[in-house]
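Each remark here refers to the structure printed beneath this line.
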Amino acid sequence: ADWFEKMFSLLADARRSENETVSVAIKQAQDQLAALQKKLDRLMDLFLEGAVSRDEFNEYKEKWVPQKQDMKTRIVSFQNQRNPPLDTLEEFLSTAKGAGAVARTENLADIRIFHQKIGSKVQIMPRRIVQVEYGKLWHILAERSPTATWLEVFEALRAEVGLCPI
């Protein structure tokens, strides 16, 4: 497999791990929400049976209803949670995978458009590129050692976007 295939495989592993962690957090929050709902249901039963006064009922209800709402909010937050560094790295690798064709072209207009798309600044004089200032992450690919392994490059990219090493 080529470098990108290996990197995408590691990203998929990271995404799976992240999803498992989020799933556990959601399950815990749902269990806590169910326990709070059970308390509220039991409180209502006790109030209707006359076993607790209105003041006691209101005291516990005022305590547990906000906790219940906080737990619902937490669950929604977990469900909508994304990992921006992981998203950034996935987007970068997708774009970088297609960069080979642009790198091999002699069409300077295509090269200029590509560099604008990726956030690099390229200075082109008639028939040649004079200078390139690479945008975020691209400098890692541009400046890598010819002997660098795909994993070394991947770890450099991960560090740059703020992901923990594997």
Side-chain angles (χ1 to χ4, degrees), residues 1-102 113-120 134-144 148-166:
D2 71 349
W3 279 27
F4 290 109
E5 306 281 327
K6 293 174 183 177
M7 290 182 189
F8 280 118
S9 176
L10 286 178
L11 281 175
D13 292 345
R15 185 68 77 188
R16 267 190 299 282
S17 175
E18 175 186 51
N19 289 342
E20 289 170 8
T21 301
V22 169
S23 293
V24 168
I26 289 172
K27 175 70 172 117
Q28 289 173 341
Q30 288 171 332
D31 290 346
Q32 291 174 351
L33 179 62
L36 277 170
Q37 185 59 53
K38 192 173 185 176
K39 284 181 180 182
L40 285 165
D41 291 345
R42 180 70 181 133
L43 179 64
M44 178 60 78
D45 291 342
L46 290 172
F47 176 69
L48 292 174
E49 294 169 3
V52 294
S53 69
R54 179 173 293 282
D55 290 340
E56 290 172 307
F57 173 80
N58 286 334
E59 177 185 335
Y60 284 106
K61 183 178 171 194
E62 288 173 9
K63 177 179 161 184
W64 290 338
V65 168
Q67 289 177 3
K68 180 181 168 185
Q69 190 55 45
D70 287 347
M71 202 55 59
K72 285 181 177 181
T73 302
R74 183 187 282 171
I75 290 169
V76 169
S77 174
F78 284 140
Q79 290 169 334
N80 295 330
Q81 188 172 337
R82 296 290 300 164
N83 185 331
L86 198 54
D87 296 342
T88 299
L89 194 49
E90 282 177 331
E91 182 180 324
F92 169 77
L93 288 175
S94 293
T95 303
K97 187 173 182 175
V102 174
I113 290 168
F114 178 77
H115 279 280
Q116 287 172 342
K117 178 182 171 187
I118 66 169
S120 296
Y134 293 99
K136 183 176 181 174
L137 299 178
W138 290 96
H139 66 91
I140 292 171
L141 290 183
E143 297 165 4
R144 72 178 165 80
T149 66
W150 70 269
L151 190 55
E152 291 169 333
V153 173
F154 185 73
E155 288 304 324
L157 292 168
R158 284 177 64 109
E160 185 75 16
V161 296
L163 289 172
C164 296
I166 56 172

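Note that the structure is predicted; figures quoted are calculated from it, not measured.
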(message) If you count heavy atoms of other groups shown closer than 6.0 angstrom to CZ of Phe57, is the number above 12?
(response) yes

(message) Restricting to side-chain contact (heavy atoms from CB on, under 4.5 Å), what partner residues turn up for Glu91, sequence neighbours left out?
(response) none

(request) Without swapping roles, check the side chain of Thr88 against the backbone of Pro84 for a donor-acceptor pair under 3.5 Å. (result) yes

(message) Testing the basics here: between Leu40 and Lys61, what is the closest heavy-atom pair and its distance to 0.1 Å?
(response) CD2-CA, 4.4 Å

(message) Using every non-hydrogen atom in the two residues, find where Phe8 and Ser94 come nearest and quote the distance to one decimal.
(response) CZ-N, 3.6 Å

(request) Give every residue pair that meets the salt bridge (charged side-chain N to carboxylate O under 4.0 Å, His left out) criterion with at least one member in residues 30-44, sequence neighbours excluded. (result) Lys27-Asp31

(request) Scan Gln37, Arg74, Lys68 and name whichever one has a side-chain contact (heavy atoms from CB on, under 4.5 Å) with Gln32. (result) Arg74

(request) Report the distance from atom CG of Leu10 to atom CG of Leu89, rounding to the nearest 0.5 Å. (result) 10.0 Å

(request) Determine whether Met7 and Val153 make a side-chain contact, defined as any pair of heavy atoms from C-beta on separated by less than 4.5 Å. (result) yes

(request) Would you give the length of the straight line joining atom CD of Gln69 to atom CD of Gln67, rounded to the nearest 0.5 angstrom? (result) 12.0 Å

(request) Please answer whether the main-chain N or O of Asn19 pairs with a side-chain N or O of Ser23 as donor and acceptor at a distance below 3.5 Å. (result) yes

(request) Please report the closest heavy-atom contact between Leu93 and Phe154, naming both atoms and the distance. (result) CD1-CE1, 4.2 Å

(message) Just so I know, are the side chains of Gln28 and Val24 near enough to count as touching, which here means a heavy-atom distance under 4.5 Å?
(response) yes

(request) Would you check if Ile26 and Gln30 make a side-chain contact, meaning some heavy-atom pair closer than 4.5 Å? (result) yes

